[in-house]
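The next block holds one structure in the form of structure tokens; read it before the comments.
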Amino acid sequence: MRKEQLKTPCFVVREEGLRRNLEILKEVRMETGCRILLAQKAFSMYRVYPLIGQYLDGTTASGLYEAKLGYEEMGKENHIFSPAYKKEEMPEILRLCGHIVFNSPAQVKKYKEQVKQAGRSMGLRVNPECSTQEGHAIYDPCAPFSRLGTTLEKFEEEMSEEDISALDGLHFHTLCEQDSDDLAKTLRAVEEKFGKYLHRMKWVNFGGGHHITRPGYDIGLLKRCIRHMKETYGVEVYLEPGEAVALNAGELITEVMEIVENGMKIAILDASAACHMPDVLEMPYRPPLKDAGDPAEENAGGNGFAGSSPSGSSSVGSGAADSGTAGHERPYEYRLAGPTCLAGDVIGDYSFAQPLKCGDRLEFQDMAIYTMVKTNTFNGMRLPDIVLEREDGTCEIVKTFGYEDFKARL
Ligand SMILES: Cc1ncc(COP(=O)(O)O)c(C=O)c1O
């Protein structure tokens with residue numbers, strides 16, 4: 001099946017895009033000797049775990065279920081971090097995971113004997129109290145009153161000599177979609193605060209948030225950071241990116257269902273921001289439409305249409321229309337919105353070279369990450385199909401969803 005024939009809404013993940021990212025990540029591993037794990041919270045499409053496993057060292061999880069998925073579907077190194085673990089889950093976690101990362105001295109004390117008995121590697125997440133992001137406090141683990149990671153003050157107050165000796169590694173995660181200059185700044189804070197403990201560790205985990213596969217990312221500096229830590233402290237270095245693995249490797253294809261007017265034209269799509277791309281509302285951000293460039297580069301121009309719909313209805317996107325750019329530079333402006341009851345189920349305002357019609361298909365870009373892992377069926381919305389576009393352009397429908405998926409959760 002070709003992409004143009006797919007039923008909407010659907011997530012289409014491109015094998016070619018994944019492989020491009022994975023080649024970059026593998027090169028970093030090979031050049032520096034660091035280890036790189038897939039953070040499944042960003043991307044858990046396990047159909048492609050065998051491919052990812054050819055390039056990366058394994059998976060990391062935010063809890064038991066992700067840990068189980070990584071174990072079953074990739075079967076390589078399997079790490080886990082959670083702010084707190086349930087006692088009854090610990091035996092299974094210890095069976096599935098080689099590295100267990102705790103968030104606080106209290107959790108270390110509670111579980112250290114069990115971890116040691118199971119012969120697993122144990123780490124503590126630290127908070128270097130070094131904010132490097134602006135404007136997105138909900139993504140900043142170093143924001144005031146953060147529960148994520150142990151501050152130096154708490155470390156020195158609560159970790160006994162025996163607790164510290166039981167640790168194999170330190171973990172920090174402070175970045176979100178950032179470049180390596182922010183990593184370098186964070187490392188200076190980590191070293192200043194926790195350097196004396198790092199000499200006693202076997203590994204340090206730099207967390208995620210490294211936008212390594214974004215064009216323009218300074219990979220040279222990342223490599224220098226990794227080498228510096230390895231050489232200074234004699235530790236193994238881990239990175240656990242999520243976004244970077246599937247960045248720009250997938251789209252959400254949707255169809256215009258209806259157009260209404262209230263002071264402006266509003267196109268109602270069969271995709272919902274609230275159900276299918278919740279980060280659009282949570283972050284918030286305005287997702288790019290196909291060939292429209294990054295929303296930040298509002299004048300990039302391009303074609304916002306994905307082609308003809310399977311129903312045969314026409315699309316204005318066959319080369320004639322270059323559309324879907326932000327702002328007012330095209331004559332036909334639309335608010336693109338979801339079909340749910342939520343007044344704020346709005347994806348964004350876009351302008352087009354030609355009027356939109358019912359049946360036109362639109363392609364939101366960079367929709368592989370933090371999308372299919374976050375979907376929900378609010379209003380009984382159907383979940384988008386999950387599709388893999390292979391390198392030869394053919395599409396494999398990995399999963400379709402229906403009423404039973406909605407009902408089964410309730
Ligand atoms: C502990 C931890 N590791 C890794 C990641 C992955 O981050 P990203 O997808 O931004 O690379 C996150 C994201 O929240 C995280 O909390």
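Read the numbers this way: they start at 1 and go in the same order the structure lists the ligands and their atoms. When a residue number appears, it is its place in the shown sequence, counting from 1. Note that this is a predicted model, so its numbers are computed, not measured. Any value given below was found using the heavy atoms of this structure, including those in side chains, with hydrogens, waters and symmetry copies removed.
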Residue Gly242 vicinity, atoms of ligand 1 by number, heavy atom under 4.0 Å
6 (C), 8 (P), 9 (O), 11 (O)
Contacting atoms of ligand 1, where contact means under 4.0 angstrom from a heavy atom of Ala42:
9 (O)
Which residue owns the protein heavy atom closest to atom 4 (C) of ligand 1, what's the atom, and how far is it?
Glu240 O, 3.2 Å
Under 4.0 Å from any heavy atom of Arg125, which atoms of ligand 1 are there?
1 (C)
Contact region, Tyr370 to ligand 1, non-hydrogen atoms below 4.0 Å, reads side chain
Side chains of Asn78 and Thr59: do they bring a donor and an acceptor to under 3.5 Å?
yes
Distance to 0.1 Å, residue and atom name: give those for the protein heavy atom nearest to atom 15 (C) of ligand 1.
Lys41 NZ, 3.0 Å
Backbone of Gly33 reached by a side-chain donor or acceptor of Lys230 within 3.5 Å
yes
Close N or O approach (His210, ligand 1; < 3.5 Å):
no
Have a look at Pro83, Ala244, Gly209 and point out the one with the heavy atom closest to atom 11 (O) of ligand 1.
Gly209
For ligand 1, which atoms, with element, lie under 4.0 Å from some heavy atom of Pro241?
11 (O)
If you take the nearest heavy atom of each of Gln40, His211, Glu177, His173, which one is closest to atom 5 (C) of ligand 1?
His173
Does any N or O in the side chain of Gln133 come within less than 3.5 Å of the main-chain N or O of Thr174, such that one atom is a donor and the other an acceptor?
yes
Would you call Lys116 and Asp168 a salt bridge, taking side-chain N to carboxylate O under 4.0 Å as the test?
yes
Would you mind checking if Glu158 and Lys154 are paired as a salt bridge, meaning a charged N to carboxylate O distance below 4.0 Å?
yes
Quick one: pull up CZ in Phe81 and OG1 in Thr60 and give me the separation to the nearest 0.5 Å.
9.5 Å
Carboxylate-amine/guanidinium contact Arg19 Glu391, below 4.0 Å:
yes
